Novice: 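Could you have a look at this structure, given as structure tokens, before my questions?
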Amino acid sequence: MIGVFDSGVGGLSVLRELYKLLPNENYVYYADTAHCPYGGKTREYVLERAREITRFLLDKGCNIIVIACNTATAAAIKDLREEMPDVCFVGIEPAIKPAAMRSHTNVVGVLATAGTLKGGKYLDLVERFHDSADVVESVGRGFVELVESGDFTSAHAEEVVRAAVEPLLNAHADTLVLGCTHYPFLMDMICKVAGPSVRVIDPAPAVAAQVQRLYAGRLEGESEGFSISLYSSGSVEALKRMYCLLLG
């Protein structure tokens, strides 16, 4: 059984990709909506939330935990792997490497939360690829709140997205990396603001491929058919709405 968690509904974008590759598995999804967003929280706060949610998912029978949150991955995955060496953890990080390979201007723009951009994991990633491309960053202020409220197309949504994307375009970024699992829900609006010449990369398919590559053998023969259980630390209404939108 695969456990997936995020600060809210954003991780459903990862769950969607997991289902495409592993449609016959059982999933437990946990949205920590009572504590959303994680972006402005301290590392210690996010780490403790990740520990508590991991214990919950393990109690539900999960043997693979997907941290479908860039902020939580940066804050917690190293500690969780050390504390729980028998548990398989898969995290998520901004797709800077493929973005650098595809950029013609050699400028990659990263849209992410403040927590992700300050994390050591992200800073190490930027350092590894700084010879391949210049990386410019912008915090998607208000993005998570838009997604959690289901606002993807309004004039207000466009204003919020434009405020974050235009600085990256002004820096000549021709490839944008989505550094938060909430952000793919705003893909159409991001593409509208960025224009047709700018490529936008969602890391969720790569995460799903990593789960399939590393752990499909571990899961083989255990599944009794697709099922998903949804849990939330707060209201379940946004979770149910977004689940139906993505997975029907």
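Throughout, residue positions are numbered sequentially from 1 according to the sequence presented. The figures that follow rest on heavy atoms only: side chains count, while hydrogens, waters and symmetry mates do not. It should be emphasised that the depicted structure is a prediction, and the values quoted were computed from it without experimental measurement.
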Novice: When you check the gap from the basic side-chain N to the acidic O, do Arg55 and Glu52 get nearer than 4.0 Å?
Specialist: no
Novice: Under a 3.5 Å threshold, yes or no: a donor from one side chain and an acceptor from the other, between Asp32 and Ser7?
Specialist: no
Novice: Are the side chains of His156 and Leu146 in contact, using a 4.5 Å heavy-atom criterion?
Specialist: yes
Novice: Could you please spell out the steps behind the side-chain contact (heavy atoms from CB on, under 4.5 Å) verdict for Val144 and Cys36?
Specialist: CA-CA 8 Å; Val144 172; Cys36 184; 3.6 Å; yes
Novice: Apply side-chain contact (heavy atoms from CB on, under 4.5 Å) to Val28 and Ile2, showing your working.
Specialist: CA-CA 6 Å; Val28 179; Ile2 302 173; over 6 Å; no
Novice: Specify the closest pair of heavy atoms between Asp6 and Ala68, including all atoms of both residues, with the distance to one decimal.
Specialist: OD1-O, 3.1 Å
Novice: Are Val160 and Phe152 in one and the same hydrophobic cluster, where Ile, Leu, Val, Met, Phe, Trp and Tyr link if side-chain heavy atoms are under 4.5 Å apart?
Specialist: yes
Novice: Answer yes when Asp86 and Arg81 have at least one side-chain N-carboxylate O distance shorter than 4.0 Å, and no when they do not.
Specialist: no
Novice: Looking only at heavy atoms, what is the nearest atom pair of Ala34 and Ser233, with distance?
Specialist: N-OG, 3.0 Å
Novice: Are the side chains of Arg43 and Lys118 in touch, meaning some heavy atoms are under 4.5 Å apart?
Specialist: no
Novice: Give me the atom names and distance for the closest heavy-atom approach of Ala112 to Leu117.
Specialist: CB-CD2, 3.8 Å
Novice: Does any N or O in the side chain of Lys41 come within less than 3.5 Å of the main-chain N or O of His35, such that one atom is a donor and the other an acceptor?
Specialist: yes
Novice: Hey, does Val165 have a side-chain heavy atom less than 4.5 Å from the side chain of Leu176?
Specialist: yes
Novice: Using the side-chain contact (heavy atoms from CB on, under 4.5 Å) rule, take Ile53 and Arg49 through it: C-alpha gap first, then chi angles, then the decisive distance, then the call.
Specialist: CA-CA 6 Å; Ile53 295 166; Arg49 292 303 306 151; 4.3 Å; yes
Novice: Distance check, rounded to the nearest 0.5 Å: Cys88 atom SG versus Ile64 atom CD1?
Specialist: 5.5 Å
Novice: A side-chain contact here means heavy atoms from C-beta on lying under 4.5 Å apart; do Asp124 and Glu127 qualify?
Specialist: no
Novice: Sub-3.5 Å donor-acceptor pair from the side chain of Ser138 to the main-chain atoms of Leu168, do we have one?
Specialist: no
Novice: Do Tyr27 and Leu18 have side chains that get closer than 4.5 Å, going by heavy atoms?
Specialist: yes
Novice: Membership question, hydrophobic clusters at under 4.5 Å side-chain separation (ILVMFWY): are Ile228 and Leu239 in the same one?
Specialist: yes
Novice: Are the charged groups of Glu159 and Arg162 less than 4.0 angstrom apart, N to O?
Specialist: no
Novice: Do Ile67 and Leu80 come within less than 4.5 Å of each other through their side chains, counting heavy atoms only?
Specialist: yes
Novice: Quick check: closest heavy atoms across Tyr122 and Thr116, and the distance to 0.1 Å?
Specialist: CB-O, 3.2 Å
Novice: Run the side-chain contact (heavy atoms from CB on, under 4.5 Å) test on Leu230 and Val236 for me, step by step, so that the C-alpha distance in whole Å, both residues' side-chain angles and the decisive distance to 0.1 Å come before the verdict.
Specialist: CA-CA 8 Å; Leu230 301 175; Val236 298; over 6 Å; no
Novice: Hey, is the main chain of Ile92 close enough, under 3.5 Å, to the side chain of Thr73 for a donor-acceptor pair?
Specialist: yes
Novice: Testing the basics here: between Ser103 and Asp174, what is the closest heavy-atom pair and its distance to 0.1 Å?
Specialist: OG-OD1, 2.6 Å
Novice: Do the side-chain N and O atoms of Thr33 and Ser232 include a donor-acceptor pair separated by under 3.5 angstrom?
Specialist: yes
Novice: Taking the six-membered ring for Trp and the full ring for Phe, Tyr or His, determine whether the centres of Phe56 and Tyr30 are under 6.0 Å apart.
Specialist: yes
Novice: Can you confirm whether Leu111 sits close enough to Val177 that some side-chain heavy atom of one is under 4.5 Å from a side-chain heavy atom of the other?
Specialist: no
Novice: Can you give the donor-acceptor pairs under 3.5 Å from side chains of residues 187-207 to other protein atoms, not counting sequence neighbours?
Specialist:
| residue | atom | partner | partner atom | Å |
| --- | --- | --- | --- | --- |
| Lys192 | NZ | Glu158 | OE1 | 3.2 |
| Asp202 | OD1 | Ala204 | N | 3.0 |

Novice: Does a donor on one side chain and an acceptor on the other come within less than 3.5 Å for Asp151 and Ser154?
Specialist: yes
Novice: Of all the heavy-atom pairs spanning Ala72 and Val46, show the shortest one and how long it is.
Specialist: CA-CG1, 3.7 Å
Novice: May I ask you to check whether Phe143 and Tyr183 place their ring centers less than 6.0 Å from one another?
Specialist: yes
Novice: When clusters are formed by joining ILVMFWY residues with side-chain heavy atoms under 4.5 Å apart, either directly or through shared neighbours, do Val108 and Leu123 land in the same one?
Specialist: yes
Novice: Suppose we screen for salt bridge (charged side-chain N to carboxylate O under 4.0 Å, His left out). Which residues come up paired with Glu145, at least two apart in sequence or across chains?
Specialist: none
Novice: Taking C-beta and beyond as the side chain, do Cys69 and Tyr38 meet within less than 4.5 Å on heavy atoms?
Specialist: yes
Novice: Do Phe89 and Leu47 share a hydrophobic cluster (ILVMFWY, side-chain heavy atoms under 4.5 Å, transitive)?
Specialist: no
